[in-house]
Amino acid sequence: MIKKDWSDPVSHSKVDNMAVPCCKFVLRAVVVLSVVLSLVLGQSLDDEYKHLYDRHMFEEAITAAPHFIMFFAPWCGHCKKVMPVFDELADKYNLQMSPRPPLYLAKVDCTSEIALCDEQGATGYPTFKMYRPDQEVDRYKGDRTAKAFEDYFTQMTSEVAKPVAPEPKHGLYNLEASNFQDHVAKGLHFVKFYAPWCGHCKRLAPTWEELATTFEHEEHLTIAKVDCTLSNSVCQDYDVRGYPTLVLFRDGDVLEKYSGGRGHTELKTYVSSKLEESNRFWEKEALKPKETVKIQKSGEGPKEPQGEMPAEPESKVQVLDSDTFQTEISKGITFVKFYAPWCGHCKRLAPTWDALSHKFPDQPHVKIAKVDCTIADNREVCQDQKVTGYPTLILFKNGARLADYNGARTLESLHSYVVEKTHDEL
């Protein structure tokens with residue numbers, strides 16, 4: 001009979017093919033039994049809940065930033081031994097605001113996420129794996145000390161490749177999640193969001209390629225496409241609900257969604273007119289006087305800017321948690337952002353969300369708020385609200401969920417939405 005130590009992946013022996021199904025069955029039985037025992041014995045799982053991810057959080061997180069994941073079981077002795085070291089490192093890296101941490105640390109409880117752990121090959125506990133966007137998963141097999149972990153982090157994160165700028169093919173840019181924001185940040189960009197199986201997309205494809213060739217040599221304009229089956233997060237951000245969706249971007253913001261004819265002549269006329277309009281816009285922007293600050297010479301007293309320099313207004317966004325959430329949403333209109341600190345889309349929305357909080361100075365019944373779903377105590381709040389992606393924006397009225405917001409994430413759009421709902425509901 002083959003004996004296998006399931007407590008530690010380092011000590012695993014090779015098992016023949018016929019033994020694998022049996023071992024997996026035994027492992028599942030142990031996992032289920034551990035849950036029952038924890039309930040019967042009233043075990044405290046507080047430590048295990050720190051930095052804990054479920055399937056939705058795991059799948060979203062590992063595509064957004066480097067993550068070091070510990071797959072564990074609450075009954076595992078090796079897991080309990082390394083848990084304080086892991087949690088201390090997780091606190092250090094996950095709470096680091098500036099500069100941005102090179103990676104994040106999280107845990108997956110394999111007694112709750114059995115299928116996920118099976119998929120990730122976590123057949124012994126603890127199992128440590130490094131996930132980096134667009135790179136192969138690496139299994140950690142080193143010592144379980146803080147120094148060994150951090151040496152490993154340095155080695156692995158220094159290898160993370162920067163997003164590669166897309167190369168056009170006959171003027172057509174094929175964008176993906178890793179390079180989309182950088183590409184559309186400056187200039188005018190006409191983007192086709194599509195799915196390979198979509199019949200309308202297939203019919204539009206040759207026309208779109210011809211359009212790209214037409215404007216191939218324009219300095220401040222690109223024609224691009226995004227495959228929503230591969231870059232779903234980008235498509236969700238811009239409220240793509242059908243294929244193809246054609247969106248015009250200028251300097252990183254949505255200018256408008258195109259709903260006209262899809263022939264080459266109609267598309268060419270549209271793009272030409274928008275390019276002329278944008279050139280006029282950029283010319284006006286260039287003529288605006290630049291703000292300058294005079295630097296005083298030595299001996300002239302304190303170095304202060306000439307004239308009044310307005311300070312950045314403090315954010316009025318209310319930070320909600322499990323203790324304050326129900327109380328704060330119980331009266332008036334509360335617009336809540338559910339987010340994760342590592343989420344790139346959340347970071348891009350943050351300054352806009354702060355600005356939105358200043359838009360209702362004379363309306364105390366309107367509140368702009370946020371909930372950090374990675375904090376253990378907030379996990380139940382986010383689950384109750386069925387938050388499966390970040391950011392999720394939900395409007396509440398007098399404690400009841402009024403509507404989910406899926407529109408553009410510009411300040412103007414968000415402000416108009418709240419004003420409309422406030423007018424309708426109050």
Side-chain angles (χ1 to χ4, degrees), residues 163 165-168 170-175 177 179-194 204 207-226 234-235 237-240 244-293 307 309-310 312-313 344-345 347-356 358-359 405-420:
E167 289 291 332
H170 303 299
L172 181 60
Y173 288 81
N174 189 12
L175 306 180
N179 56 33
F180 183 85
Q181 293 296 335
D182 287 341
H183 182 82
V184 303
K186 293 291 183 181
L188 193 67
H189 309 276
F190 199 20
V191 182
K192 176 184 71 171
F193 295 93
Y194 75 102
L204 178 61
T207 305
W208 201 251
E209 292 172 0
E210 184 182 358
L211 184 69
T213 302
T214 302
F215 293 100
E216 183 175 2
H217 301 294
E218 285 291 344
E219 183 179 358
H220 302 296
L221 166 71
T222 69
I223 307 299
K225 63 180 180 178
V226 174
V234 177
C235 301
D237 279 349
Y238 295 104
D239 196 28
V240 176
T245 293
L246 310 181
V247 183
L248 189 68
F249 293 84
R250 185 170 68 196
D251 296 338
D253 293 324
V254 173
L255 198 58
E256 63 185 38
K257 287 188 177 181
Y258 176 77
S259 57
R262 294 178 182 170
H264 180 261
T265 301
E266 294 97 326
L267 291 166
K268 179 183 175 182
T269 301
Y270 171 76
V271 172
S272 297
S273 67
K274 291 300 176 181
L275 181 58
E276 290 179 8
E277 178 186 306
S278 295
N279 283 332
R280 290 194 296 270
F281 169 80
W282 290 320
E283 287 173 3
K284 289 181 181 178
E285 288 294 303
L287 293 174
K288 288 183 179 179
K290 298 289 189 293
E291 292 185 6
T292 57
V293 176
M309 296 288 287
E312 270 304 306
H345 302 300
K347 291 177 182 178
R348 285 190 287 274
L349 177 61
T352 303
W353 203 250
D354 288 342
L356 183 65
H358 291 273
K359 289 288 188 179
Y405 180 78
N406 295 305
R409 294 174 184 167
T410 62
L411 179 60
E412 181 181 357
S413 299
L414 291 164
H415 179 244
S416 298
Y417 177 76
V418 177
V419 169
E420 176 189 339

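These values consider heavy atoms only, across backbone and side chains, with no hydrogens, waters or symmetry-generated copies. Since the structure is predicted, the reported quantities are computational estimates derived from the model, not experimental observations.
With no hydrogens or angles considered, a side-chain donor-acceptor pair links Thr222 and His189 at under 3.5 Å.
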Practice task
Could you please spell out the steps behind the side-chain contact (heavy atoms from CB on, under 4.5 Å) verdict for Leu267 and Thr214?
Solution key: CA-CA 11 Å; Leu267 291 166; Thr214 302; over 6 Å; no

Problem - Stepwise side-chain contact (heavy atoms from CB on, under 4.5 Å) check, Leu349 with Leu414 - result: CA-CA 11 Å; Leu349 177 61; Leu414 291 164; 4.1 Å; yes

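Between Trp282 and Asn279, the closest side-chain pair of non-hydrogen atoms falls below 4.5 Å. Contact annotation: the side chain of Arg348 never approaches that of Arg409 to less than 4.5 Å [non-hydrogen atoms, C-beta and beyond]. Side chains of Leu411 and Leu356 form a contact here, defined as non-hydrogen atoms less than 4.5 Å apart. In this structure the side chain of Lys359 never reaches within 4.5 angstrom of the side chain of Val418, judged on heavy atoms. For the pair Lys257 and Phe193, the minimum side-chain heavy-atom distance is 4.5 Å or more. With contacts defined as side-chain heavy-atom distances shorter than 4.5 Å, the pair His183/Phe249 does not qualify. Residues Tyr258 and Pro244 form no side-chain contact, since every pair of their non-hydrogen atoms from C-beta on lies 4.5 Å or further apart. With contacts defined as side-chain heavy-atom distances shorter than 4.5 Å, the pair Val226/Val240 does not qualify.
Looking at every heavy atom in both residues, Val191 comes nearest to Trp208 through C-CZ2, 3.9 Å. Taking all atoms of both residues into account, the shortest heavy-atom contact from Ser278 to Leu188 is OG-CD1, 3.5 Å. Counting all heavy atoms, side chain and backbone alike, Phe215 lies closest to Lys268 at CZ-O, 3.8 Å. The heavy-atom pair separating Pro166 from Asn179 by the smallest distance is CD-ND2, 3.9 Å. His264 and Thr207 make their closest contact through N-CG2, 3.6 Å (heavy atoms, listed as atom of the first residue, atom of the second, distance). The minimum heavy-atom distance between Leu175 and Ala224, with the atom names listed, is CD1-CB, 3.8 Å.
Salt-bridge formation is not detected for the pair Glu277/Arg280: no Lys NZ or Arg NE/NH1/NH2 atom is positioned less than 4.0 Å from an Asp or Glu carboxylate oxygen.
When atom types are taken as modelled, the side chain of Asp251 and the backbone of Gly187 share a donor-acceptor pair closer than 3.5 angstrom.
Annotation: Tyr270 is in aromatic contact with Phe190 [ring centroid separation under 6.0 Å].
Taking CG from Leu248 and CG from Leu275, the interatomic distance works out to 9.5 Å, rounded to the nearest 0.5 Å.
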